[in-house]
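Shown next, in structure tokens, is the structure this report addresses.
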Number of protein chains: 2
Amino acid sequence: MGWSTDKKHQTRQRIVECAARLFTAKGFDGVSIDEIMQAAQLTRGGFYSHFASKEALYAEAITTAARLRLSARFPQGDFSDSECLSQLVTNYLCESHLHDEQPSCPLAFLTSDVAHQNDEVRGAYTKVYKKLVIYISQLMGESPNNDKVLSLTAMMIGGVAVANSLNDERTRLKVLQACDRMGQRLISSNNNEFSPD
Amino acid sequence: MGWSTDKKHQTRQRIVECAARLFTAKGFDGVSIDEIMQAAQLTRGGFYSHFASKEALYAEAITTAARLRLSARFPQGDFSDSECLSQLVTNYLCESHLHDEQPSCPLAFLTSDVAHQNDEVRGAYTKVYKKLVIYISQLMGESPNNDKVLSLTAMMIGGVAVANSLNDERTRLKVLQACDRMGQRLISSNNNEFSPD
DNA sequence: GTCTATAGAAAGATAGAC
DNA sequence: GTCTATCTTTCTATAGAC
């Protein structure tokens, strides 16, 4: 790969990363191409030499946001599977997830946004979702079709999504903490009996 | 109330109900005022004699959508509390919820949409959310701050929201069914021991 | 490949007749 | 209160210079 194509790749990557941050924070219609290009220190005219459309960038931004928010934070080191999962849940259902400078999880922050988009965008969202489900299922030692795997994932995404829409800081925090605690109990019930009461 | 003001109220109500259906289906930016007024068999010019802005209508539409989707479907009749809750969960996490002609639940379908809106809109969303939490908590015989109440609510909303964004019909169905089953187990664990494995 | 400039369309909001 | 007509802004996408 020559210098010029390498340079182009870097520029393109910078655009996608800015888009990942802006889209997850403000949604598809809340961000203009101009705003994204300015954040990447470019002008809007050059956009279409990198991407076919705003939707095409959106689809890539979803994948990149998931990588920056989820994959980059998968616990590393000498932890057991259940410890990794415990950390993942707590880290996800965390108040700072709502105000982070880094891209937030597109699964929670772009849910209803993606639902109105084309197949390319929905496909990117679905791919990210399935990847998270497989990762969680491996840590739980269960099938990706397992009820606990799928309901835990839905609770995590739903908890963050709802908290992010609420007006009331106290309620926001209560939702996140309740989901975290119930998630932890669900995880530990892999090995022990689980009695919610 | 005279005939003319009554007529105005009816017209206004028709606009809000059309808006509730269209907004939950296509999101805030996916629907124009013109489209809403046409659905209500009016022209766009008259809009601002009923509402101060598109956002003001959006806030009202969220409340109305919740009434049409949730309150109207609260189980009636000689059911025990846990039977009512069981029906509510199954009815909510239902495939037809995704393609209904009636307004869908704004908590699930407008999550990330609402997150980018002003205080008026977020306040309406928060009010609807709290009302659902209180209703569920009463049926569970628990405090509205209870972990099971809040996590069940998050799982329901998250399950429907994610399913609605997925590209893949089979996965959509798997998510809904898994959340329904886990919800039922969570409910029945009020009286009995709960062992997920 | 990136820039400036602009075409073209869409939509929120307003004015004024009836 | 509802209509037609229009103002104004915003944004996607394109054209052409460098």
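Residue numbering restarts at 1 for every chain, and letters A, B, ... go by the order of the sequence lines. Side chains included, hydrogens not; waters and symmetry mates left out as well; all remaining heavy atoms used. Quick caveat: nothing in here was measured; it's all calculated off a predicted structure.
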In terms of side-chain heavy atoms of B:Leu42, which of D:dC3, D:dA13, D:dA5 is nearest? D:dC3

Spacing between A:Arg44 atom CZ and D:dT10 atom P, to the nearest angstrom: 12 Å

Take atom CD of B:Glu35 and atom P of C:dA10, then tell me their distance rounded to the nearest Å. 13 Å

Please give, in whole Å, the distance from C:dA11 P to B:Gln38 CD? 11 Å

When you check the phosphate oxygens OP1 and OP2 of D:dT14, does a side-chain N or O of A:Tyr48 lie under 4.0 Å from one of them? no

From CE of B:Met37 across to P of C:dG12 the rounded distance in Å is 12 Å

Below 4.0 angstrom, N of the basic side chain to O of the carboxylate: do B:Arg14 and B:Glu17 qualify? no

Output the rounded distance in Å from CZ (A:Phe47) to C1' (D:dA15). 17 Å

Nucleotide of C:dT2, C:dA13, D:dA13 approaching A:His50 most closely (side-chain heavy atoms): C:dT2

What is the distance from CZ of B:Phe23 to C1' of C:dA11, rounded to the nearest Å? 12 Å

Tell me whether the side-chain N/O atoms of B:Thr43 come closer than 4.0 Å to OP1 or OP2 in D:dT4. yes

Assess whether a salt bridge exists between A:Asp168 and B:Arg122, defined as any Lys/Arg side-chain N lying under 4.0 Å from an Asp/Glu carboxylate O. no

Pick base, sugar-phosphate or nothing for B:Ser49, based on heavy-atom distances below 4.0 Å to the nucleic acid. base

Spacing of B:Asp6 atom CG relative to D:dG1 atom C1', expressed in whole Å: 15 Å

Under 3.5 Å, is there a donor-acceptor pair between the B:Ser112 and A:Ser112 side chains? yes

Between the side chains of B:Lys26 and B:Glu35, is the shortest nitrogen-to-carboxylate-oxygen separation below 4.0 Å, so that they form an ion pair? yes

The side chain of B:Lys8 is closest to which nucleotide in this list: C:dA13, D:dT12, D:dG1? D:dG1

Is A:Arg73 paired with A:Asp100 through a side-chain N to carboxylate O contact shorter than 4.0 Å? yes

Nearest nucleotide by nearest heavy atom, which residue falls closer to the 5' end of DNA chain D, A:Gly45 or A:Asp29? A:Asp29

C:dG1, OP1 or OP2 - any side-chain N/O from A:Thr11 closer than 4.0 Å? no

